[in-house]
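Indexing begins at 1, ligand by ligand and atom by atom, following the structure's order.
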Amino acid sequence: MERILGRSGGFLPQFDRGAGTRFNMHYCPGCGHGVLHKLIAEAIEEFGIKDRTILISPVGCAVFAYCYFDCFGISVPHGRAPAVGTGLSRSNPESVVISYQGDGDLGAIGFNELIHAANRGENMTVLFVNNAIYGMTGGQMAPTTLTGSRTMTSPTGRTIAHDGYPLKVAELVAELPAPVYVERVALSTGPRILAARKALRKAIRNTMERKGFSLVEFLSGCPVNMKLDAAGMIDYLETKMTGYFPLGCLKDVSASTPSAAALPAPEYGSAAVMETLIGGNDVLRTRKTNFRNLSAFFDKERRLKIAGAGGQGVLSFGMVLAAMAGLRNFNVTYLPAYGPEMRGGTAGCSVVFSRERIASPVADSNCNLLVALNQPSLERYLPELKPTGILVFDSSVVKPPPLGKRQRGYSVNAAELALELGEPRCANSILLGALGKVMNELFLEGEDRADFQRVVEEAVKLCFAGKPRVAELNLKAYQLGLEHAVSRR
Ligand SMILES: Cc1ncc(C[n+]2csc(CCOP(=O)(O)OP(=O)(O)O)c2C)c(N)n1
Ligand code: SF4
Ligand SMILES: [Mg+2]
């Protein structure tokens, strides 16, 4: 008896929901989440996988699931659990990734993530709690709400004409070739809960043995939002829910599926990235590792933000910078922002380079260098420039802003000079010249200055390969920027 009533070792010794709470669980009486939590905790304990399990909590009533289990836990945005689970599972092949999701989380906002993770056969267990309602937010219609059900958003009852058919998630997943195990169970009566326990364990075992993707759908009660008492809830599950969502195993090829080896970790060395971006090129094969007199600038990870309007050459500016870093054997990332920006709004890209591995390719905050090609971009990103950061801007279109004590500013009237050159689109390369001036004045000495000039030329030629006249024009523009850029302080 104690075994059944006691707290499983898969649970934390204390459910810490913060001071002042009256209850030691945040689920309503009769809720299926609590029952499923117990089954999960028991499996984690009995399989001895506390140190391998990563339980992904959903957005929904089980949002605090990580407060209960004595294993690793992670909370993710609404519906994103299978996408996050993919990363967790691939980068930690030994882990047992369990994605815990409700019908709103999995069947609505996150259905895309779910179906693609299933289709890829990611090694994870998905526990799908189908209570046919958005429980947490107070009872709105879910994709699995039964036809005729009255909810906050279907006050006269769900209709097929208006809302479509209740979504049979398990059937859809079972149709895919990749998943190894798909079963639907119910958290209703004692025998049903025992069957649910068995299904849950099979799925978790599959993940432990790296057999691929398993999904168990749990028909579950939300008595509060269904406005039913405990007996009425069980009756609803046993008649209405199982009537539309038949229980049973929809697919099981676990026994004949071999354990899959972990995917090899991808290598993003600068050489591979450059080959991919620019293709085979002799310059790549002869490149050198220069900047030997490493200044403080090249020693650390550097995050550069280039921002302006669509059509100003912001993205090719970033491309040239990324090529320069790659040509001198830095690890480098280049992240352009496409989309409506291309129609004349703001456009931007991030370039991050480092001697070490790069954690994030986004330089939208805490950037070391900001190149602003128009006023809105300056206003948007200047607050994100580090206190020791450097600003380079086009003084023909940007008002010189006040800078922090340790910040430095350089400007050049790029748009005007580009007009004089007869090619307004070259303003970006004139600003690249201003950046050359920054490097010469603040960071580079002796032979490294000459090498910087060389790497600019190599990078421009690479990025405009097949267009020698354009490359030549841009190098001319670079030279103009180098000559005309001025330090603002
Ligand atoms: C991006 C986003 N959209 C909407 C919400 C609001 N929201 C919170 S929980 C939820 C639905 C939860 O329903 P379900 O996944 O079925 O879980 P249950 O509470 O029923 O267990 C919604 C829509 C949110 N938190 N984030
Ligand atoms: S609202 Fe429904 S799903 Fe949420 S805890 Fe209560 S009974 Fe469970
Ligand atoms: Mg729900």
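- For the pair D103 and ligand 1, a heavy-atom separation below 4.0 Å is found.
- R158 and P143 get closest at one heavy-atom pair: NH1-O, 3.2 Å.
- Remark: ligand 1 atoms within the under-4.0 Å shell around heavy atoms of G60 are 9 (S), 12 (C), 17 (O), 19 (O).
- Under 2.8 Å from the Mg ion (ligand 3) lies an N/O/S atom of D103, whether from backbone or side chain.
- When the heavy atoms of H33, M136, H78 are ranked by distance to atom 3 (N) of ligand 1, first place goes to H78.
- Close approach of ligand 2 to N225 is summarised as follows: ligand atoms under 4.0 Å from at least one heavy atom of the residue are 1 (S).
- The cationic atom of R120 (NZ for Lys, CZ for Arg) does not lie both less than 6.0 Å from the six-membered ring centre of F213 and within 45° of the ring axis.
- At a cut-off of 2.8 Å, I133 is counted among the residues with an N, O or S atom near the Mg ion (ligand 3).
- The closest approach between a heavy atom of Q140 and any atom of ligand 1 is not below 4.0 Å.
- Summary of contacts: the protein heavy atom closest to atom 13 (O) of ligand 1 is Y134 CA, 3.5 Å.
- H33 and Y100 have their aromatic ring centers within a separation under 6.0 angstrom.
- Polar contact with ligand 1: absent for A62 (N/O pair, distance under 3.5 Å).
- A donor-acceptor pair shorter than 3.5 Å can be found between the side chains of N206 and S214.
- Proximity to C31 (heavy-atom distance under 4.0 Å) selects the following atoms of ligand 2: 3 (S), 5 (S), 7 (S), 8 (Fe).
- Interface atoms of ligand 2 facing N131, defined by a heavy-atom separation under 4.0 Å, are 3 (S).
- The atoms of ligand 1 that sit less than 4.0 Å from any heavy atom of I109 are 1 (C).
- Remark: the R302 side chain and the S354 side chain contain no N/O donor-acceptor pair separated by less than 3.5 Å.
- Ligand 1 has an N or O atom lying under 3.5 Å from an N or O atom of D105, backbone or side chain.
- In summary, S220 places no N/O/S atom under 2.8 Å from the Mg ion (ligand 3), failing the contact criterion.
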